[in-house]
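One structure below.
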Amino acid sequence: MRKFFGTRSFYKELLIVTMPIAIQQFISSFVNILDMIMINQYYGSATATSAIAIASRYYNSFNMLMLSFAVGIAIYIAQFHGAKNKERLRQVFGISLLFCISISIIAFLFGFFATDSILNFFLGMSHDPDRDLLFQYGSTYLRIISIAFLMHGITNALVFAFRPVKMTRIPLYSAIGATIANALFNFLLIYGIWFFPELGIKGAAIATIITRSVELAIVMGYYLIKKPPFHGSFKEIFVMPWHLVKEVISKCKTLFFSQMLTESVFIFMLFVFFRVDRGGTSTGVAGIMISQQITDLVMVFVAGMGTAASVLIGSRLGENKIQEARDNARYQIGYVTIFGILAFFFMISLIPFVPMLFQFAPEDTYLIRMIIILQAFALPFSIFSMNVIFILRSGGYTKAAVYINNLIYIGFKVPIIAILLFFLNTRFAIFGSFESINNNLNFIQRYLHFTGSRIQSSNFIRRLDDMSGGAGFIVFVFMVDRSLEMLRFLISVKLYRSAKWYHNLAMTL
């Protein structure tokens, strides 16, 4: 066990790298929860919160696609920085900048001009009595926050270039400035304080645009004034050899493809939870959204582990200190194992505060409590798996995310959840074409009704109904979803022990 505990110098460097990122993530997560509290209390129902869930899932999906490439570039930035190769450092930053801007433009165009199609996909034939209102809220919020993509692409490229060169305080400063702007303008524009108009959910969306603008202004200001190692002229940044572009894309495309599959699964799960909820309402979606925000808040225990892997492991590999890089990886494994366990207890301790902060009916509060408990049990396994991906990625082994995430999500989660969704849940409202087929094929309809009644009348589901205020089936689906984190954990342990991930990429380019 002692081999998983590092030296004092390791923890000192780890603290220097991760503390600004942890503070940044805590601030961002706290403000996201504050947004949801404000919107929930303003409207007094789960409808607006669920509308934000839809828009946020779209926004986060494209954002994670940008980040997957920016994180891949960070591997090269860390190793070229360790090798003191400023020419290649600037060029890979230029590749990241071009890609992030391209993705942000695509995300804006779809989000702004195809808003209704996106909302219809998620809501489908929902039985929610407030469906029209949910559609209206979601459409308004999504169309406005799509504009924020135009700023956020540049910000992502800069932030994930600052971190691997140990300038982690700059993203922290931008997060603090953006957080202040977000909290202030949310308060002013949602409630109409002072001379500002009372805009409700529209005000929250406008506050997001202001927040992203402030964030970009801060990181761009630091880039121009501080002139980090990747700073350069237009020619130095955007003129690069084709073999470098091909090499970077060949490594990053795996990360991008893996993240694209992961986000597709997340979208699928939101699609599912809109349909398996109690009576077709949107309470479960709101509960899952709240639990995820609390999870993000708890994740500050291990925030910055991806950057830590780039700096503590990737930079050592760039300096050709292979054994030191492997030692640091082992120490990082020990760190996240301990804090994963602490994160479980911390998340459980937050449960009593949920009814104080959100306005839900008592039965809805029971549901949210069950979801948070399930999230907490899965959290240590999720944290460990994520950290292994960070470590293996720092040496260029980008296939780790495919094996740890996509193999489980595509090979197990989607088929299992799809079976539960299409065959075992009679309260499910699917697309009209499928519903028409079921109506015409009576024997299929009778079979679906039979199996659905059987599982929903089982003692286990009834107990879940009692504990969650009548939402036993959605808890069951979420339980299946979270239990697969243990399988991800086992695969990550196997990969960490067997994969040859410790490569010096800087020597090959």
Side-chain angles (χ1 to χ4, degrees), residues 25 29 33 53 262 265-266 268-270 272-273 276-278 283-303 305 333-355 357-358 360 364-389 404-405 407-409 411-414 416-417 420 455 458-494 496:
Q25 182 168 321
S29 299
I33 291 177
T262 300
V265 173
F266 289 159
F268 170 74
M269 291 308 299
L270 186 60
V272 167
F273 288 124
V276 301
D277 202 356
R278 178 176 55 247
T283 307
V285 175
I288 291 167
M289 182 73 174
I290 291 169
S291 74
Q292 187 57 55
Q293 294 298 335
I294 295 175
T295 302
D296 293 342
L297 186 65
V298 175
M299 287 290 285
V300 300
F301 282 120
V302 290
M305 285 296 102
I333 287 287
Y335 173 88
V336 299
T337 300
I338 292 173
F339 277 92
I341 297 171
L342 293 177
F344 163 78
F345 290 106
F346 182 66
M347 190 165 182
I348 292 294
S349 70
L350 296 177
I351 292 176
F353 298 98
V354 173
L357 299 175
F358 295 94
F360 288 110
D364 297 335
T365 303
Y366 296 145
L367 170 60
I368 294 170
R369 181 182 61 191
M370 289 290 297
I371 290 173
I372 293 175
I373 291 172
L374 293 172
Q375 285 275 31
F377 273 107
L379 192 56
F381 302 103
S382 300
I383 289 174
F384 186 94
S385 302
M386 288 168 52
N387 192 64
V388 170
I389 292 175
I404 296 174
N405 289 342
L407 178 64
I408 303 302
Y409 291 157
F412 291 88
K413 179 183 288 191
V414 171
I416 293 172
I417 299 299
L420 294 175
I455 190 168
S458 69
N459 290 331
F460 181 65
I461 298 297
R462 285 204 301 270
R463 289 195 193 100
L464 291 179
D465 273 334
D466 294 338
M467 291 187 290
S468 61
F473 194 75
I474 191 171
V475 172
F476 176 67
V477 172
F478 194 71
M479 183 182 296
V480 172
D481 171 57
R482 293 294 82 199
S483 64
L484 290 173
E485 293 302 310
M486 288 182 280
L487 193 53
R488 288 181 65 221
F489 166 78
L490 294 175
I491 291 178
S492 65
V493 170
K494 175 66 176 176
Y496 175 74

Legend entry - Distance in Å, Tyr496 OH paired with Asn387 CG, rounded so as to fall on 0.5 Å steps: 9.5 Å

Inset, instruction - Please report the closest heavy-atom contact between Ile351 and Arg369, naming both atoms and the distance. - result: CG2-CG, 3.5 Å

Legend entry - Nearest-0.5 Å distance that lies between atom CD1 in Ile338 and atom CD1 in Ile383: 12.5 Å

Legend entry - Closest non-hydrogen atom pair between Ser349 and Pro352, with its separation: O-CD, 3.3 Å

Legend entry - Straight-line distance of Phe412 CZ to Arg488 CZ, nearest 0.5 Å: 13.5 Å

Legend entry - CZ on Phe384 to CD on Glu485, rounded to 0.5 Å: 13.5 Å

Inset, instruction - To the nearest 0.5 Å, tell me how far Leu342 CG sits from Leu379 CG. - result: 11.0 Å

Legend entry - Parallel, tilted or perpendicular: ring planes of Phe489 versus Phe381, cut at 30 and 60 degrees: perpendicular

Legend entry - Heavy-atom side-chain proximity of Val388 to Ile333 below 4.5 angstrom: yes

Legend entry - CG on Leu350 to CZ on Phe345, rounded to 0.5 Å: 13.5 Å

Legend entry - Among Asn405, Asp481, Ile408, side chain to side chain contact (heavy atoms under 4.5 Å, CB included) partner for Lys413: Asp481

Inset, instruction - List the atom of Ser492, the atom of Ser385, and the distance in Å for their closest heavy-atom pair. - result: OG-OG, 3.7 Å

